[in-house]
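Inspection log for the structure reproduced underneath, given as structure tokens.
From a predicted model like this one, the values you see are computed outputs, not experimental measurements. Ligands are counted one by one from 1 in listed order, and the atoms in each one are counted from 1 as well.
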Amino acid sequence: MLADLTALLGARKVRGADPDDLAPFARDESHCGAFPPAAVVLAESRADVEATLRFASERRIPVTPCGARTGKAGGSLPIRGGIALSLERMDRIIAVEPGDGMMVVEPGVITGRVMEEAERVGLFYPPDPNSWESCTIGGNVAANAGGPRALKYGVTGDYVLGLEAVLADGEVIRTGRRTLKGVAGYDLTALLVGSEGTLAVVTEITLRLVPLPKAVRAALCIFPDATAAARAVAQVLAAGILPRTLELLDDQAIAAADSRGPFRFPLGAGAAILAETDGDDPESVMAALVRLGEIAVEAGALDVLVAQGESQRRELWATRRQVSLALKALYPRKVSEDIVVPRSKIPQAIERFKAIGREHGLQVATYGHAGDGNLHTNVLFREEEERPAVDACLEALMRETLALGGTITGEHGVGLAKRAFLPWEQGPVLIDLQRRLKATFDPLGILNPGKIFPEDR
Ligand code: MLT
Ligand code: ZN
């Protein structure tokens, strides 16, 4: 297979003879393990993707598309071997059209570059997954990624106007449009966004950009415990304030972040909320933040620290953004979930998750995007022998999430990590309908097989 693939695409674009070249494509940032592909294709153009998929279709070889492999659900792991199809080299910004409020990019562009390019022309690309400095926009589209600012601005899919994609048999399709509005036909763009590379391989993305807010202010509210913090989140939103972020950190998230700096949390901090308001008028942005701080104090906050200037604001965010890494340094095998519960259920959820951890002899940390109910529930452990207890704990967490009216994933996707849980959330009719959709797009089942749905029948 390798020799034929090399003859088709050229040696520069194909890897496979040396296992060291395959190793980086065997893993992502999930806890799912290592699955080396038989070959890696480093696509440089849509034509390379077309040729690879035609080749794979003819030989019925599995193809797993991937970007920067920063995913947390195992979505880009080549679990059936075959070809890992990397889109990283397709990293051109094709067009920035400020007049039309649009940008056209290839999937391998780093998300941070999309944000910078938008800001360069005075516009804003709001989705901000925590890994924005290293993840690719194609990966964000595959998982329909979100981030802290999703509270006010929504997730990746809210900014995708159209896609160019290659089907499993090598046919090229263009979905959606290059206009801000448009309702022609089924919304196949929405179907492809979040489909985790199981329906088609995206080769071009048309993004919607919005005006860049002129003023942003941040504050860190310190609470004695997570229940008080969760209460504050509900009260801020009930008061009609819509901050762009309301990020929660519980005691363990604080301890982990505090151990690495740059920000040092005050003694007695049992939970914190990182809130940010934005808009065009600096005074009203500050007024909203002050009101938010007052509500936090009414809900039990011990202190409200308003960031003085841009460097303090960045320091607070650097602290929040390293929570995942800081916890991983302490608990190298930790599993990070991304469940969502109705906002009103957050206090209950946090208490129940800690209790479930205790019942399984494990610690559970919770942090994340509390404003929209999207919590990173982390099961913390260090030794592989604890794995059976961890698996039982994860199952109990998922069951509890669903019992609270929530969903198993809000931003990382189902991938491999959560495919066993999908039937708990969606009944057999819905799963069967989705399998039939998959078969329509990919009749041979070569595209990212084994993902999203439980074991293929
Ligand atoms: C985050 O918000 O920090 C990320 O989604 C990563 C995670 O902790 O799971
Ligand atoms: Zn997150």
Looking at [X], which atoms of ligand 1 are within less than 4.0 Å of one of its heavy atoms?
{"X": "Asn130", "answer": "1 (C), 2 (O), 3 (O), 4 (C)"}
{"X": "Ser324", "answer": "7 (C), 8 (O)"}
{"X": "His369", "answer": "2 (O)"}

_Go through it in stages, so that I can follow the logic: the residues are Tyr153 and Arg244, the test is side chain to side chain contact (heavy atoms under 4.5 Å, CB included), and I'd like the CA-CA distance, side-chain angles, deciding distance and then a yes or no._
CA-CA 7 Å; Tyr153 289 102; Arg244 74 176 186 179; 4.0 Å; yes
Identify whether the distance between the nearest side-chain nitrogen and carboxylate oxygen of [X] and [Y] falls below 4.0 Å.
{"X": "Arg113", "Y": "Glu106", "result": "no"}
{"X": "Glu359", "Y": "Arg352", "result": "yes"}
{"X": "Arg149", "Y": "Asp278", "result": "no"}

*Quick one: does Asp303's side chain have a donor or acceptor within less than 3.5 Å of a partner on Ile222's backbone?*
no
*Without swapping roles, check the side chain of Ser30 against the backbone of Cys32 for a donor-acceptor pair under 3.5 Å.*
yes
*Would you please determine whether His412 falls within less than 4.0 Å of ligand 1 on a heavy-atom basis?*
yes
_Against ligand 1, does Arg320 come closer than 4.0 Å with any heavy atom?_
yes
*Return the number of protein N, O or S atoms with a distance to the Zn ion (ligand 2) smaller than 2.8 Å.*
3
*asked:* With a sphere of 6.0 Å drawn around CZ of Arg27, does it hold more than 12 non-hydrogen atoms of other residues, nucleotides or ligands?
replied: no
*So, do Ser195 and Asn448 sit near enough that their side-chain heavy atoms are less than 4.5 Å apart?*
no
Among all protein non-hydrogen atoms, which one is nearest to [atom], and what is the separation to 0.1 Å?
{"atom": "atom 9 (O) of ligand 1", "value": "Ser336 OG, 2.6 Å"}
{"atom": "atom 8 (O) of ligand 1", "value": "Tyr367 OH, 2.1 Å"}
{"atom": "atom 5 (O) of ligand 1", "value": "Glu411 OE2, 2.8 Å"}
{"atom": "atom 6 (C) of ligand 1", "value": "Lys72 CE, 3.5 Å"}

*Does Arg69 make a cation-pi contact with Phe25, if we ask for NZ or CZ under 6.0 Å from the ring centre and within 45° of the axis?*
yes
*With Thr175, which of Thr189, Asp187, Thr206 fulfils side chain to side chain donor-acceptor pair (under 3.5 Å)?*
Thr189
*Can a donor-acceptor pair be found between the side chains of Glu164 and Thr203 at a distance below 3.5 Å?*
yes
*Does Asn378 reach ligand 1 with a nitrogen or oxygen that is under 3.5 Å from one of the ligand's nitrogen or oxygen atoms?*
no
